[in-house]
Amino acid sequence: MALLHIDNLHLAMRSFEGEAHVLNGVQLTVDKGEIWGLAGETGCGKSVTGLSVSRLVNTPPARYLDGRILFDGQDVLKMDERAMRRLRGRAISMIFQDPSTNLNPVLRVGEQIADVAFEIGRHAPEVLGLDAQAGTRERRRAAAKLG
């Protein structure tokens, strides 16, 4: 089963000029253990897609017209806010578009990703493919492989 599956996602945003369709049929599948990055031209929907996975797009003025976002088999578009808060930062996270404000430029990106994975692994070792009895060294080694 996919960890993340976005199926035919359509999103519109209302503005003073009317409604703009900003996501039109987004399809994406990420399996457990995979690491993805979205790349594309300015305005193509990378950030809005990422924000949608975390359900951080304000509705209104935005509204989802169609599609599903399945995270670990659950549709995040149907989850209540309390359930989403439990996922954000632990199971779902995002490095925003301007990495200079989110990443430390004096450290390698891989090291920073490994540090985040290690911290998450303290509370959810299964994210690193480990069991609950895994020690610090095992978690550090598994996290380093992700970075």
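In this text, all values refer to a predicted model and were calculated from it rather than measured experimentally. Sequence positions, counted from 1, serve as the residue numbers for this chain.
Shown here for L23 and S52, the closest heavy-atom pair between the two residues is CD1-OG, 4.1 Å. V76 and V53 get closest at one heavy-atom pair: CG2-O, 3.7 Å. Here the closest non-hydrogen pair linking M84 and S54 is CE-O, 3.3 Å. When every heavy atom of P60 is checked against every heavy atom of R14, the shortest pair comes out as CB-NH2, 3.6 Å. Minimum heavy-atom separation, A62 to V57: CB-CG1, 3.4 Å.
Checking side-chain atoms of R88 against main-chain N and O of L56 turns up no donor-acceptor pair under 3.5 Å. Here the side chain of H21 pairs no donor or acceptor atom with the backbone of A12 at under 3.5 angstrom. K145 places no side-chain N or O within 3.5 Å of a backbone atom of A114 that could act as its donor or acceptor partner. D80 contributes a side-chain N or O that, together with a main-chain N or O of A83, makes up a donor-acceptor pair within less than 3.5 Å.
Of the inter-residue distances, the one linking T49 atom OG1 with I6 atom CD1 reads 6.0 Å to the nearest 0.5 angstrom.
The hydrophobic cluster containing V22 also contains L51, counting ILVMFWY residues as joined when their side-chain heavy atoms lie under 4.5 angstrom apart, directly or transitively. Residues I92 and L4 share a single hydrophobic cluster, defined by chaining ILVMFWY side chains whose heavy atoms lie under 4.5 Å apart. The hydrophobic clustering, which links ILVMFWY residues whose side-chain heavy atoms are closer than 4.5 Å, places V30 and L70 apart.
Every pair passing salt bridge (charged side-chain N to carboxylate O under 4.0 Å, His left out) that includes a residue from residues 63-79 is listed here, sequence neighbours excluded: D7-R68, E19-R63. The salt bridge (charged side-chain N to carboxylate O under 4.0 Å, His left out) pairs that include a residue from residues 23-40 number zero, where partners must be two or more places apart or lie in different chains.
By the 4.5 Å heavy-atom criterion applied to side chains, R55 and I69 are not counted as neighbours.
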Without placing hydrogens or testing angles, list every side-chain donor-acceptor pair under 3.5 Å for residues 134-144, not counting sequence neighbours.
{"residue": "E138", "atom": "OE1", "partner": "G135", "partner atom": "N", "Å": "2.9"}
{"residue": "R139", "atom": "NH1", "partner": "A134", "partner atom": "O", "Å": "3.2"}
{"residue": "R140", "atom": "NH1", "partner": "D115", "partner atom": "OD1", "Å": "3.2"}

### Task
Dump the intermediate steps for side-chain contact (heavy atoms from CB on, under 4.5 Å) on Q27 and N8, then the final yes or no.
CA-CA 6 Å; Q27 295 281 137; N8 194 37; 3.6 Å; yes
